[in-house]
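In this text the structure is predicted, and so the values were computed from the model without any measurement.
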Amino acid sequence: MLTICKWMAVLLCVAATTAAYADAIVQRQSDGPIEFRLRVSDSETLIAEPLQFELEVIVPSELQVVLPALDQSLGDWEIIAKEVREDLPHADEAGPNLRRWWVRLTLETLQTGEVTIPSVEIQTLPRQLESRSENAAIDWEKAGSLVTQPISIDVVSVLSQTADPTKPEPIVGAIALPTEETPSSSSLAGVVVGVIGVLIAGALLIRRIRSRGEISNADWARRQLTDLRSQWRKQRLSPDDCARQLSPIFREWIGSMMGRESAVTSDEASAWLREVEPAIDGELLTMLTRADEVSFAGISATSSEVDSWLNRSDDWMKQLETLQVRITQEANA
């Protein structure tokens, strides 16, 4: 029994420190007096394990920094915490000649494999001082921007390749323990490793499911829509790809209001909306139909269509949110 406990202690230490002590990734770049440093805490992490992303920008005091709007997601990474410090004296300088901007993000992802943290652009502009005369010339040559390089993070899963992180399977029966033969030291160690892996996976999944449970359908849909808009504006998606990703955002939300556990089909969503909310925007129904044509009939969407859908999406969100409130009130009446 003492030997088993020793094995457990050693393996738990290994499991707990493998990702934590992976090498950090650091990028540095400068453009004259402007400098930035990007640091990612680990080059390897576990699925749903927090990852620290820190960005520091140092500029002369006559400049100011415009940090990117990083609110809900960064590529395939969800932003679960954000801390920002702006316009601080640079700690390494005794005088006020340099100023410092700093942002720290805590990231998580449910994807596995090589998951990329995309480039981030930092802009610098001439500082607008209250004492500056309105007629004073501004040296716009001092303005500029710096762009970080994409970073690939190895996200390791402790589940099997076919496991769905959002649908954990029962642990019972996952590990076959010998019943008649006395296990050797090596086989016992293998069993312990397997048990630890399952326990870690279960803990991560439970934490992730609980955190998702605190997000309303409206907030989840808006997060997905914000990320999709960002990808579209950066020209990382074709019109067809954007249509295929936009439709499920609404179909899943509509499905939840219908009492389903997953996205419904476009026909089901359209028929249900016409019945419970005849005043729903017809463009939403048109988008669902066109997305099906893109996915199943090979009829391509156009850029103008996608632009129109994304511009109308906020109105669709408000209509669905109002409908959600009404359905909830009727159910509780």
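- Asp240 and Ser300 share a side-chain donor-acceptor pair at under 3.5 Å.
- Within the structure, no pair that satisfies the ring-ring contact (aromatic ring centres under 6.0 Å, His included) test touches residues 293-315, not counting sequence neighbours.
- Residues forming a side-chain contact (heavy atoms from CB on, under 4.5 Å) with Arg37 (at least two apart in sequence, or on another chain): Val26, Arg28, Arg39, Glu54, Glu56.
- More than 12 heavy atoms of other residues, nucleotides or ligands lie within 6.0 Å of CD in Glu330, so this atom counts as buried by the packing criterion.
- If you check the side chains of Ser270 and Asp267, you find no donor sitting under 3.5 Å from an acceptor.
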- Could you give me the CA-CA distance, side-chain angles and deciding distance for Trp232 and Val306, then say whether side chain to side chain contact (heavy atoms under 4.5 Å, CB included) is met? CA-CA 9 Å; Trp232 172 250; Val306 172; 3.6 Å; yes
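- When the ring pair (Phe, Tyr, Trp, His ring centres under 6.0 Å) test is applied to Trp316, the partners found at least two apart in sequence or on another chain are Phe250.
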- Item | Derivation of the salt bridge (charged side-chain N to carboxylate O under 4.0 Å, His left out) call for Arg223 and Glu78 | CA-CA 9 Å; Arg223 288 188 182 187; Glu78 180 183 357; 2.5 Å; yes
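- Between the side chains of Asp292 and Ser266, at least one donor N or O lies within less than 3.5 Å of an accepting N or O.
- In this structure a side-chain-to-backbone donor-acceptor pair under 3.5 Å is present from Glu305 to Thr302.
- Side-chain N or O atoms of Asn332 include one that pairs as donor or acceptor with a backbone N or O of Thr328 at under 3.5 Å.
- Residues passing the salt bridge (charged side-chain N to carboxylate O under 4.0 Å, His left out) test with Asp281 are Arg312, sequence neighbours excluded.
- Residue Pro68 forms a side chain to side chain contact (heavy atoms under 4.5 Å, CB included) with just one option from Leu74, Val103, Val120, and that option is Val120.
- In this structure, the side chain of Ser119 engages the main chain of Thr148 through a donor-acceptor pair within 3.5 Å.
- Using a cutoff of 4.0 Å between basic side-chain nitrogens and carboxylate oxygens, Lys318 and Glu321 are not scored as salt-bridged.
- Residues that satisfy the salt bridge (charged side-chain N to carboxylate O under 4.0 Å, His left out) test with Glu268, not counting sequence neighbours, are Arg260.
- In the displayed structure, Glu83 atom CD is contacted under 6.0 Å by more than 12 heavy atoms of other residues, nucleotides or ligands.
- Residue Arg233 places its CZ atom among 12 or fewer non-hydrogen atoms of other residues, nucleotides or ligands, all under 6.0 Å distant.
- Between the side chain of Thr109 and the main chain of Asp76, a donor-acceptor pair closer than 3.5 Å is present.
- Of all non-hydrogen atoms in Glu108 and Pro50, the two that sit nearest each other are OE2-CG, 3.7 Å.
- A distance of 9.5 Å separates OG1 in Thr289 from CG in Leu284, rounded to the nearest 0.5 Å.
- No side-chain heavy atom of Ile80 sits under 4.5 Å from any side-chain heavy atom of Leu105.
- Side-chain N or O atoms of Gln27 include one that pairs as donor or acceptor with a backbone N or O of Gln149 at under 3.5 Å.
- Using modelled atom types, one side-chain atom of Arg251 and one backbone atom of Val264 make a donor-acceptor pair closer than 3.5 Å.
- Although no hydrogens or angles enter the test, the distance criterion places no donor-acceptor pair under 3.5 Å between the side chain of Ser30 and the main chain of Glu35.
- Legend: residues meeting salt bridge (charged side-chain N to carboxylate O under 4.0 Å, His left out) with Lys82, ordered by chain and number and at least two apart, are Asp71.
- No side-chain heavy atom of Ile151 sits less than 4.5 Å from a side-chain heavy atom of Thr116.
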